[in-house]
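We count ligands from 1, going down the list as the structure has it; atoms in each ligand are counted the same way. Position 1 is the first residue of the sequence; numbering continues from there.
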Amino acid sequence: MVQFSLAIVAAIIAPVASSVQITVESSGGNATTPHQYGFLHEDISNSGDGGLYAELIRNRAFQSSERFPADLSGWSPVNGASLSLKTLDQPLSSALKTSMNVAVGSSKGQVGFSNDGYWGMDVKKKKTYTGSFWVRGAYEGTFTASLRSNITGEVFGSTKLRSRAKASEWIEHSFKLVPTKSAPNSNNTFTLTFDAAGVKDGSLDFNLISLFPPTYKGRKNGLRVDLAEAIEGFHPTLLRIPGGNMLEGYTNKTWWNWKETIGPLKDRPGYPNVWGYQQTNGLGLMEYLELAEDMNLEIVLAVYAGLSLNGDITPQDKLQPFIDDALDQIEFVSGDATTKWGSVRAKLGHPAPFKLRYVEVGNEDWLAGGTAGWESYKEYRFPMFLKAINAKYPAIQVISSGSVFDGYNIPAPGNGDYHIYGTPDAMVDQFDLFDQTPITHIIGEAAAVHPNGGSGWDGGLMDYPFWIGTVGEAVSLLGYERNTDRIIGAAYAPIIRSLDRWQWAVTMIQFAADPALTTKSTSWYVWELFAGHLMTHTLPASSNFNPLYYVTGKNEDKGTYIFKGAVYNSTDAADVPVSLTFEGVKPGTKAELTILTGPANPYGYNDPFTGVNVVKTTREKITAGKRGSFDFSLPNLSVAVLETVPSKHPKRNTMRNGLRN
Ligand SMILES: *[C@@H]1O[C@H](CO)[C@@H](O)[C@H](O)[C@H]1NC(C)=O
Ligand SMILES: *[C@@H]1O[C@H](CO)[C@@H](O)[C@H](O)[C@H]1NC(C)=O
Ligand SMILES: *[C@@H]1O[C@H](CO)[C@@H](O)[C@H](O)[C@H]1NC(C)=O
Ligand SMILES: *[C@@H]1O[C@H](CO)[C@@H](O)[C@H](O)[C@H]1NC(C)=O
Ligand SMILES: *[C@@H]1O[C@H](CO)[C@@H](O)[C@H](O)[C@H]1NC(C)=O
Ligand SMILES: *[C@@H]1O[C@H](CO)[C@@H](O)[C@H](O)[C@H]1NC(C)=O
C-alpha cells in the first residue's frame, strides 16, 4: 500500500512518466585508480609476425623447431638460381643454424631470390624501407635490393650496395630503399640479386634477410604503424603479455622462454608458436615493454608456471628453476641497472626500469592439465610463486590465472584472473557478477564471440565482432567499472588478426598486408568510447537496471561528471528515456552526450572487404534543465557516454601519475 502511493507521487513529479530516473550522489563511491581498459597480445592469427611486428620478410632466418622443420616458404629463385637450405659447420649463430644457399648454376647476369612477405607487402613511395642481410661466400660486385610487383614485375624502388662478402665469414650488409612509385596493390616482393659472374665458388649463403617499413615511433625492430595506431586509438591503459597459450607452449621444453626473445635478432632462435606456425620472436619481451612504454600502458606480466598445453606438469621438486626464471624476468623488467638482469636490460638500451605492479602466474591453469594441472596449481605451484615473488617484491600484486568462479579460494594476498568468451546474453550477465567477490580480479580476456543460443568453439563462433555482442560487452564493462575497487581492468582478447591466416576469428581489429584492409570492429568503437572517458571515482547512483545498465562517477582531474550506459533489449525495442541528475550539478550545466547505435540486423558487423562501418556515432551538447537533470533518450541496443563540460577550476590530483609511468 505504502509502495503504491509512493509510486503515484513519483509518477506525478517525474518529467517523463516512464523515464529512468538516475540520481547520482556527490560522494561515497570508490576513490581508486581509474578502471583500466586494455588488451592481451600474443602471436595468434599472425598478430605478431606479419602483423603488429613490422618485419616484411616472411621466414627471414629459416628458424625451425621439432614441430616446424625449416623450409623455404616465402622464397623464390630469380633467374634460374637454385635455393636450398643448409646447416653449415659455420652457421650465422648458434641460434640461427640453418641458412639459404643460392647457387648460380649456368645462369648469366643478375641472379638471386625474392620473398613475397606475409601474403604480400605494402609498398609506398617516398617511405624509407630499412633492410639488412648476412651473406657468406666470395663475391665481388654489387647487390641490388628492390621492391617489385609479384604480378607484373614492375620495380617500384631499388638500391645497389657494394659487396663486402668474403669466403668463410658471415658479413652483415645494410641498406635503405626508398620507392619512387607506390604499388597499386600489396602483391609485391622484395628481391635481392647479384651478378652471377662475380661469384667465386658457385654459390652464396644468406641468412637473416630483413626489411622494415617505417615503424611506430621510429623504433628499430619496431611495430607496424597503422596497426599500432589503431590499437592506441582506443586509448588502452593496460597490456597483458606475453599471452595466453603462447606463454605455456606445447610442452614443458617449449614454453615461451623470455630469455630467448631478447638481444640481437641473430641470437633469437625463434619459437614453436602454439597456433600452428614457427614464430621469429622478433617481437620479444623488450619489444613488448617498449610498446607499453610508447602507448603508456600498465603491464600485466605473465610468468611461466610449470604447465604446458600438452598437460605437462612440473612436479613440486622441479619447480624452483621456473620460479628463479620468473624472478629473473621481473628483475629484467623492473630491476635497476645495477641488478644482474636490470643490467642486461640497460645494455639493450633501456637503463631505466619499467614500472611493474602486476605479475600473473601462468595462464588458465584450470584448463590445459585437466584436474591434475589445476590441483597442482592450487596445491603448490601458485603458492610457491606467490611466496617467492612477494618475498622479493612486496609491492607487486601477484595474480593467479584462475578466479573465484573457477572454484579457487585464492590465497592472500593473491588476486584472480577471470576470462569470458560469451554470447551477448552471457556478457550482459557479467554486469553484477563481481558485486560480491571478496578478492580483486583482472578480467584478463574478454569478448563476445558466440551468437545468442550458440556455444562451443566448433559451432557458434562469429566471423567478426558483431553489434549485439558488442553491446553485451559494453554491459559487462559497465559492471566491471562499477566494481573498480575490486577489478583492476578488462583486456580485450585477442586484439588483432590477419585476414590471410587466422586461428581465431573475433578480434577487435583485422588486417592484411594492404593497410586499406585494416578494420576497426564494432567493439573497437565501444571500447574507445568507454576508455576515452576515464573516471577517477565512481559515484553511487539509484539503481534500477535492465534494460538500461550504467555506471556513474567523476573525473576529478578534469572536474567532470560522467555517465556511461548501454541499453540491451528494451521492451518492444522502444527507446529508453533517461533523466539523469548529479547532486551538486546546477541547472544550465552543459554536457556532451555520445550515443553509438548499430545496424538493423543486431548481428551486423564491420566487414573489412566492404569497408562499411555499421556503428553510427551521434554527439550532441545537452544542458541540464530547471531541476538540474539531463534528459535524453537511448535507443534499444545502444551505448552512450555523457560527460559534463569541464569546470574552470578542476581539482588537480595524480590520476595520470597514479596510473602511468
Ligand atoms: C564501490 O562501488 C560500488 C558501486 O558503486 C559499490 O557496490 C561498492 O560497494 C563500492 N565499494 C566500496 C569499498 O566503497
Ligand atoms: C594478391 O594477393 C592476395 C593476398 O595474398 C591474393 O588473394 C590474390 O590472389 C593475389 N592476386 C594476384 C593476382 O596474385
Ligand atoms: C606471388 O606469385 C607467386 C607465383 O605466382 C604466387 O604463388 C604467390 O602467391 C604470389 N604472392 C603474392 C603475395 O601475391
Ligand atoms: C615435464 O613434464 C613431464 C610430464 O609430462 C614431467 O614428468 C617432467 O618432470 C616435467 N619437467 C619439467 C622440468 O617440468
Ligand atoms: C535479446 O534479444 C536478442 C535478439 O532478439 C535475443 O537473441 C536474446 O535472447 C535476448 N536476450 C534477452 C536476455 O532478452
Ligand atoms: C532490441 O533491438 C534488437 C535489434 O533491433 C532486436 O533484435 C531485439 O529483439 C530488441 N529487443 C527487444 C527486447 O525487443
Side-chain angles (χ1 to χ4, degrees), residues 45-46 49-51 55-60 71-79 81 83 112-123 146-156 183-191 211 213 422-433 448-455 460 462 466-476 478-479 497-502 510-519 522 545-549 566-574 576 597-605 608-609 634-639:
S45 305
N46 282 89
D49 286 345
E55 174 66 80
L56 291 172
I57 308 291
R58 178 160 56 107
N59 193 18
R60 68 181 175 193
D71 64 20
L72 282 168
S73 62
W75 299 97
S76 306
V78 170
N79 191 21
L83 311 184
F113 51 82
S114 65
N115 184 285
D116 69 351
Y118 291 93
W119 305 281
M121 287 180 196
D122 182 46
V123 176
S146 58
L147 283 166
R148 51 178 85 191
S149 169
N150 189 36
I151 301 168
T152 64
E154 181 178 2
V155 176
F156 304 110
N185 54 51
S186 56
N187 298 69
N188 306 308
T189 62
F190 168 73
T191 299
L211 187 70
T423 63
D425 283 356
M427 300 312 286
V428 172
D429 289 342
Q430 294 279 296
F431 183 69
D432 57 3
L433 188 62
V449 298
H450 304 296
N452 277 327
S455 69
M462 299 296 289
F466 52 105
W467 182 244
I468 191 172
T470 294
V471 177
E473 279 167 23
V475 176
S476 70
L478 293 167
R497 75 155 148 135
S498 163
L499 292 162
D500 288 300
R501 180 171 69 181
W502 46 269
Q510 296 87 37
F511 69 90
D514 180 357
L517 289 172
T518 297
T519 305
T522 52
F545 304 117
N546 186 3
L548 172 65
Y549 300 84
V567 176
Y568 187 80
N569 285 5
S570 60
T571 310
D572 300 329
V576 177
T597 51
N601 172 7
Y603 287 91
Y605 54 86
F609 300 104
L634 297 178
N636 179 29
L637 296 188
S638 69
V639 178

Nearest to atom 9 (O) of ligand 2, what protein heavy atom do you find, and at what distance?
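Ranked first by proximity to atom 9 (O) of ligand 2 is Asn187 ND2, 4.7 Å.
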Protein heavy atom at shortest distance from atom 13 (C) of ligand 2:
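Closest protein heavy atom to atom 13 (C) of ligand 2: Ile151 CD1, 3.5 Å.
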Under a 4.5 Å cut-off applied to non-hydrogen side-chain atoms, are Asn115 and Met121 in contact?
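Yes; the side chains approach each other to less than 4.5 Å.
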Side chains of Phe609 and Leu499 in contact at under 4.5 Å (non-hydrogen atoms):
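The answer is yes, as the side chains (C-beta and beyond) meet within the 4.5 Å cut-off.
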Residue pair Asp425, Tyr568: steps toward the side-chain contact (heavy atoms from CB on, under 4.5 Å) verdict
CA-CA 9 Å; Asp425 283 356; Tyr568 187 80; 2.5 Å; yes
Look only at interatomic distance and state if Trp119 has a nitrogen or oxygen under 3.5 Å from any nitrogen or oxygen of ligand 3.
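No.
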List every atom of ligand 3 that sits less than 4.0 Å from any heavy atom of Asn150, numbering the atoms from 1 in the order shown and giving each element.
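Close to Asn150: 1 (C), 2 (O), 3 (C), 8 (C), 10 (C), 11 (N), 12 (C), 14 (O).
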What atoms of ligand 3 come closer than 4.0 angstrom to any heavy atom of Gly120?
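Selected atoms, number and element: 13 (C).
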Can you list the atoms of ligand 5 that are under 4.0 Å from a heavy atom of Ile468?
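Ligand 5 atoms under the 4.0 Å threshold to Ile468: 3 (C), 4 (C).
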Would a 4.0 Å cut-off, counted as strictly less than, catch a protein heavy atom around atom 4 (C) of ligand 3?
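False for atom 4 (C) of ligand 3.
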Is atom 7 (O) of ligand 2 touching the protein, meaning some protein heavy atom lies under 4.0 Å away?
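Protein heavy atom within 4.0 Å of atom 7 (O) of ligand 2: absent.
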Give a yes-or-no answer on whether the side chains of Thr522 and Thr470 include a donor-acceptor pair shorter than 3.5 Å.
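Indeed, the side chains of Thr522 and Thr470 share at least one donor-acceptor pair under 3.5 Å.
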Less than 3.5 Å between some nitrogen or oxygen of Tyr603 and one of ligand 5, yes or no?
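No, there is no polar N/O contact under 3.5 Å.
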Quick one: closest heavy-atom pair of Asn636 and Val567, and the distance?
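Shortest heavy-atom contact: CA-CG1, 3.8 Å.
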State whether the side chain of Asp500 and the backbone N or O of Tyr118 hold a donor-acceptor pair below 3.5 Å, judged by distance alone.
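No, Asp500 side chain to Tyr118 backbone: no donor-acceptor pair under 3.5 Å.
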Is the backbone of Glu154 close enough, under 3.5 Å, to the side chain of Thr152 for a donor and an acceptor to pair up by distance?
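Side chain of Thr152 to backbone of Glu154, a donor-acceptor pair under 3.5 Å: yes, one is there.
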